[in-house]
Structure formats: structure tokens, C-alpha cells
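See structure below.
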Amino acid sequence: MSLTKTMEAALNKQVNAELYSAYLYLSMSADFEAKNLKGFANWMFVQAQEEMTHVMKIYRHILDRGGKVVLDKVAKPKTTWKTPLDAFQDAYKHEKEITAMINNLVRLAKKQNDHATESMLQWFVDEQVEEEANTDEIVQKLKMVKNSGEGILIIDKELSQRVFVDNTKAAQ
Ligand code: FEO
């Protein structure tokens with residue numbers, strides 16, 4: 001069964017949202033690096049790379065189901081954040097919005113009896129739990145240190161450890 005036009009359009013919209021996510025986190029990474037917070041920059045750079053794997057997972061699904069990938073304009077992200085807490089609060093908020101979009105896609109796939117899309121989306125449902133938990137954990141830590149230089153540097157060091165892993169491949 002091929003994708004319906006409605007499902008195809010909705011998935012293309014998600015491709016755009018995931019591209020924007022990559023763009024947003026790359027912008028945060030560049031801002032952190034400009035401020036010499038290399039660990040924060042690393043975390044966001046890895047996050048941007050992860051987002052590109054999300055783009056590609058949906059992109060692949062559209063093509064494999066006989067659909068057409070249509071790339072749209074990507075919105076311009078903010079370019080600077082006052083504090084690391086501001087950036088991570090934005091990241092957490094953004095992830096909650098992405099979760100809501102994924103949930104809407106699941107509802108649509110169910111309504112259309114599109115089991116293949118629903119199954120593909122299940123991976124994103126699980127992934128979003130992680131995405132929200134990871135960003136919120138850092139928000140909570142940043143709140144704890146209250147923008148103190150020493151606290152920020154400790155968190156910066158911790159975030160420098162993150163390495164990119166393609167979870168979309170591991171899950172297949
Ligand atoms: Fe692809 Fe961070 O959601």
C-alpha cells in the first residue's frame with residue numbers, strides 16, 4: 001500500500017521540522033562555541049547530527065513507500081542565547097513541540113490504517129521520551145548551579161563527553 005497524499009504531506013512536514021531541529025541545534029552549537037563553551041557546543045553539535053538521522057529516517061520511509069520527498073524552506077533559528085539555561089529551556093520546549101507533532105502523525109496513521117507508517121513512527125514515540133528527558137535533565141542541572149561560572153564549567157566538561165551514535169541504525 002502506497003502512502004496517501006495526506007500522509008505523504010504530513011511526513012514531508014515532519015522532515016521539515018526535523019531539519020529545523022538540526023538547524024536550531026547547530027545554531028546553538030555555534031553560539032556556545034563562540035562563547036568558548038566547547039562542551040555545550042559539542043553536545044549541541046551531536047544533537048544536530050542526531051536530528052539529521054531523524055530527517056533521513058522519515059525521508060527513507062516516504063521514498064520506500066512510493067511517495068515523493070518535497071523539501072521546503074527551513075525557518076531561520078535564533079542565533080544567540082543569553083545563558084546556557086536559556087538555550088536548554090528552548091531546546092526542551094522545542095522537543096515538547098516535536099513530541100506533539102509525532103503524536104499527531106501517529107493519530108493520522110491510525111486513522112488511515114497505515115500500519116507501516118505507524119510502526120515507523122513508534123520509533124519516534126520512544127525517541128521523544130529520551131529527547132525530552134535529556135534536555136530537561138540539563139535544564140534542571142543548570143537551574144541548580146544558577147549560572148555560577150564554576151557550575152557552568154563542570155557541566156561544560158560533562159557535556160564534552162557526548163559522542164554521536166546513529167540510533168536509527170541500532171534500532172533496525
Ligand atoms: Fe528529532 Fe529532537 O527530535
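Side chains included, hydrogens not; waters and symmetry mates left out as well; all remaining heavy atoms used. Each ligand, and each atom within it, is numbered from 1 in the order the structure gives. Only a predicted model underlies this, so the values are computations on that prediction, with no experimental measurement involved.
- Between Trp81 and Phe40, a ring centre-to-centre spacing not shorter than 6.0 Å is recorded.
- Nearest N, O or S atom of Glu18 to atom 1 (Fe) of ligand 1: atom OE1.
- Trp123 and Met120 fall within a single hydrophobic cluster, where Ile, Leu, Val, Met, Phe, Trp and Tyr are joined by side-chain heavy atoms under 4.5 Å apart, directly or via other members.
- When distances to atom 1 (Fe) of ligand 1 are checked against a cut-off of 2.8 Å, Glu131 contributes no N, O or S atom below that limit.
- Grouping the Ile, Leu, Val, Met, Phe, Trp and Tyr side chains by contacts below 4.5 angstrom, directly or via other members, places Met101 with Tyr25.
- In Glu95, the N, O or S atom that comes nearest to atom 2 (Fe) of ligand 1 is OE2.
- Using a 4.0 Å cut-off between a side-chain N of Lys or Arg and a carboxylate O of Asp or Glu, Glu158 and Lys141 qualify as a salt bridge.
- Within His54, the N, O or S atom lying nearest to atom 1 (Fe) of ligand 1 carries the name ND1.
- Cluster annotation: Leu105 is connected to Val125 through the hydrophobic network of ILVMFWY side chains, with a link wherever side-chain heavy atoms come within less than 4.5 Å.
- Restricting Glu51 to its N/O/S atoms, the shortest distance to atom 2 (Fe) of ligand 1 is reached by OE2.
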